[in-house]
**Q** 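Below is a structure I'd like to ask you about.
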2 protein chains.
Amino acid sequence: MEFFNKTGKVAVGSRLRMLTEKITEDAAKIYEVYGIGLQPKWFPVFYVLSAGEEKTITAIAKEIGHSHPSVSKIIAEMGKKGLVAEQKDKTDGRRNMVSLTPKGKEITIKLQDQLLDVNAAIEAISAQTTHDLWKAIEEWEYLLEQQSLLSRVVEAHKKREAAKVTIVDYQPKYKAAFKALNEEWISTWFKMEATDYKSLDHPEEYILDRGGHIFVALYNDEPLGVCALVKMDDPDYDYELAKMAVSPKAQGKSIGWLLGQAIIEKAKQLGAKNIYLESNTILKPAISLYNKLGFKKVPGRPTPYERANIQMELDLRS
Amino acid sequence: MEFFNKTGKVAVGSRLRMLTEKITEDAAKIYEVYGIGLQPKWFPVFYVLSAGEEKTITAIAKEIGHSHPSVSKIIAEMGKKGLVAEQKDKTDGRRNMVSLTPKGKEITIKLQDQLLDVNAAIEAISAQTTHDLWKAIEEWEYLLEQQSLLSRVVEAHKKREAAKVTIVDYQPKYKAAFKALNEEWISTWFKMEATDYKSLDHPEEYILDRGGHIFVALYNDEPLGVCALVKMDDPDYDYELAKMAVSPKAQGKSIGWLLGQAIIEKAKQLGAKNIYLESNTILKPAISLYNKLGFKKVPGRPTPYERANIQMELDLRS
DNA sequence: TATATTTGTGTAACTGATTACGTAATTTAT
DNA sequence: ATAAATTACGTAATCAGTTACACAAATATA
């Protein structure tokens, strides 16, 4: 299919479907040629029953990977043709025990030849290919079980978006953004406190001039995230990670992560032995980000903020 | 899927279907996440239209490998959402020209990002596999186009059946079969002639004792085919292939082919320079077999048989 | 022991494709 | 110029699966 060369691999789904269709179409004809009176779609069910044991509908469904209504329907159809017998389980009234009838077993024998021939034909095709379809499917099944396609795509999206984000040093022109981004989340969850106004209205005096740093995350030259590294006057801690704020419209771009990384990098450059932070457990994504960055919870300390109910630290020496 | 390890490759169809399903299921979710308002099944249609040109329903169907009703339905759905516009062709009243609306074109741009991410995710999966699914599908598509699965299976069947056939030298116990098998086809198509009775009732005297040979094809020890190599008293020809007969219930076992091969082999051993035969053009499969064996039509010669209307020879020296 | 939860199954409705068929417009052949 | 064949396309029915839901039976829990 010329078409698929253009679209690229996004169309694996469509392409797989078409190959599947072609094969099942021929499968139907093959069953007809051998005149066994078995519908191709019955095959998986028939196959598991051919071992001889009685099985329940759900057990069959689980084994062949179909939904149970699908098996239920197939069994009904096969029953009509006299290939299977259904019987309620005596000890468990819910169970419908299914097994092959003598007529069904007869077909098992006839089917052997067909299976041999189909297998031979498929092996012959495989022998002519340099890429093994069977094994490739197996690998895909495994990998998709590890992580779904969806979450892989989301991951790819984040990675690509993150590449568009640049982290830069604070400049006076970002003053408004620094305040606005912080005010946005603070007033959403809590209310602005006096200490907030001090540092947000005067970042130069209260943060930079005292040996701190501020980073700004730009996306298309627009400041969508900010974060400060504040020098602390404390025997236990050198710096505090504070005023981390990311615009809600910039979700999924890893801005928080990139800002955190920049802050940690800067602290290391400054020879800090650790970083301290205060937050609130109501801010789940924030706490989860801090965890990912390596911060650990520590016992509470005095704080000027009402909203702080959790303290964390990152040890830079380990 | 454990199940597929048991069934062997007969179940490629089922297995492919399940992988396809898993992928398309996630595809649906992916479209949802990106919030583009495009249904996954619309993608192929959307894609070909995104080039910008107006296209007819059937042209799209052909390009993406769907049936035209499928495209017709998809276009109707997309039309309802205002993504495509339909317009009757002025010069050809049958044609329904379809193109993207401005709204549809807008989506094209939004879709770019999604395609990038999905492609990246799939490439990431591919990178982790040792067997390339994409290329494997391509190979299968190609090989199935060359020869359908059905005809490959039929071929495998013939080959397997042929392996069960053994060609043996004539023995007195096959005398009845030699006559019966020949009488069967002769009286079906023509009527038995005096010359027939001579050689069928007395094969030893009329064929073997005069330097000829008879081969019998056995299937499960049952004689289902016979053929004679008769010494000729003729300056042009050494031997005649005659009394070839295969039971109609033994179709698809290549018995004719195997007998023919044995006869030719024997003639070569005997140092014959050629083999002659007479037949009737009404016997299509026989003539086709003789052709496959290498016999060529030659001008008519005197013959004791009324039914002969074609003569052929095989040159063993070339 | 009474209640809640889980399990096994069947029915109904949906889905994304197909084939079959009908109709109208166009093209080809006589 | 007319008849026959082909082409474009829509509608209906079908197919092989699915999910959603209902209900009874069995099991777990308070």
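From a predicted model like this one, the values you see are computed outputs, not experimental measurements.
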**Q** Taking OP1 and OP2 of dT9(C), is either one under 4.0 Å from a side-chain nitrogen or oxygen of Thr58(A)?
**A** yes

**Q** With nearest nucleotide decided by heavy atoms, which residue, Ala59(A) or Ser14(A), maps closer to the 5′ end of DNA chain C?
**A** Ala59(A)

**Q** Is Ser72(B) near enough to dC9(D) that one of its side-chain N or O atoms lies under 4.0 angstrom from OP1 or OP2?
**A**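 No.
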
**Q** Between Glu77(A) and Lys90(A), name the one whose nearest nucleotide on DNA chain D is closer to the 5' end.
**A** Glu77(A)

**Q** Indicate, with a heavy-atom threshold strictly under 4.0 Å, whether Thr56(B) touches base, sugar-phosphate, or nothing.
**A** sugar-phosphate

**Q** The side chain of Asp92(B) lies closest to which of these nucleotides: dA25(D), dG17(D), dT26(C)?
**A** dT26(C)

**Q** What's the closest nucleotide to the side chain of Arg94(A) if the choices are dA25(C), dA24(D), dC9(D)?
**A** dA24(D)

**Q** Which residues pass the ring-ring contact (aromatic ring centres under 6.0 Å, His included) test with His68(A), sequence neighbours left out?
**A** none

**Q** Within the structure, does a side-chain N or O atom of Arg17(B) lie under 4.0 Å from either OP1 or OP2 of dG17(D)?
**A** yes

**Q** According to ring-ring contact (aromatic ring centres under 6.0 Å, His included), who are the partners of His66(B), at least two apart in sequence or on a separate chain?
**A** none

**Q** Testing Ile122(B), Leu19(B), Ile125(B) one by one against Val12(A) for a side-chain contact (heavy atoms from CB on, under 4.5 Å), which residue passes?
**A** Ile122(B)

**Q** NA contact type, Thr91(B), heavy-atom cut-off 4.0 Å: base, sugar-phosphate, or nothing?
**A**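 Answer is sugar-phosphate: Thr91(B) comes under 4.0 Å of backbone atoms only.
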
**Q** I need the NZ-C1' distance between Lys88(A) and dG8(C), as an integer number of Å.
**A** 9 Å

**Q** Taking CD1 from Ile60(B) and C1' from dC9(D), how many angstroms apart are they, rounded to a whole number?
**A**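 The distance from CD1 of Ile60(B) to C1' of dC9(D) comes to 12 Å, rounded to the nearest Å.
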
**Q** Report the distance from atom NE2 of His68(B) to atom C1' of dT23(C), rounded to the nearest whole Å.
**A**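 Rounding to the nearest Å, NE2 of His68(B) and C1' of dT23(C) are 12 Å apart.
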
**Q** Establish whether the base of dG17(D) is bridged to the side chain of Lys73(A) by a donor-acceptor pair shorter than 3.5 Å.
**A**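 Under the 3.5 Å cut-off, the side chain and the base do form a donor-acceptor pair.
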
**Q** May I ask you to say what Ser70(B) touches in the nucleic acid, namely base, sugar-phosphate or nothing, with a heavy-atom cut-off under 4.0 Å?
**A**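 Since a base atom lies under 4.0 Å of Ser70(B), the category is base.
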
**Q** For a quick check of understanding: with a heavy-atom distance under 4.0 Å over all strands, which category does Thr20(B) fall into, base, sugar-phosphate or nothing?
**A** nothing

**Q** Of all the choices, dT19(D), dA16(D), dG8(C), which nucleotide is nearest to the side chain of Pro69(A) once you look at every atom?
**A**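 Output: dT19(D).
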
**Q** Tell me whether the side-chain N or O atoms of His66(A) pair up with the base of dG17(D) as donor and acceptor below 3.5 Å, since no angle test is needed here.
**A** no

**Q** Where the side chain of Ser67(A) is concerned, which of dT18(D), dA8(D), dG10(D) is the nearest nucleotide?
**A** dT18(D)

**Q** Rounded to whole Å, please give me the gap between CD1 in Ile75(A) and P in dG8(C).
**A** 16 Å

**Q** What is the distance, rounded to the nearest whole Å, between atom NZ of Lys62(B) and atom P of dC9(D)?
**A** 13 Å

**Q** Among Leu38(B), Asn119(B), Ile36(B), which residue meets the side-chain contact (heavy atoms from CB on, under 4.5 Å) test with Gln114(B)?
**A** Ile36(B)

**Q** Any Lys/Arg nitrogen of Arg152(B) or Glu155(B) sitting under 4.0 Å from an Asp/Glu carboxylate oxygen of the other?
**A**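 Result for this pair is no, no salt bridge flagged.
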
**Q** Rounding to a whole Å, what distance do you find between Lys55(B):NZ and dA8(D):P?
**A** 15 Å

**Q** Select base, sugar-phosphate, or nothing to describe what Glu21(B) touches, counting heavy atoms under 4.0 Å on all strands.
**A** sugar-phosphate

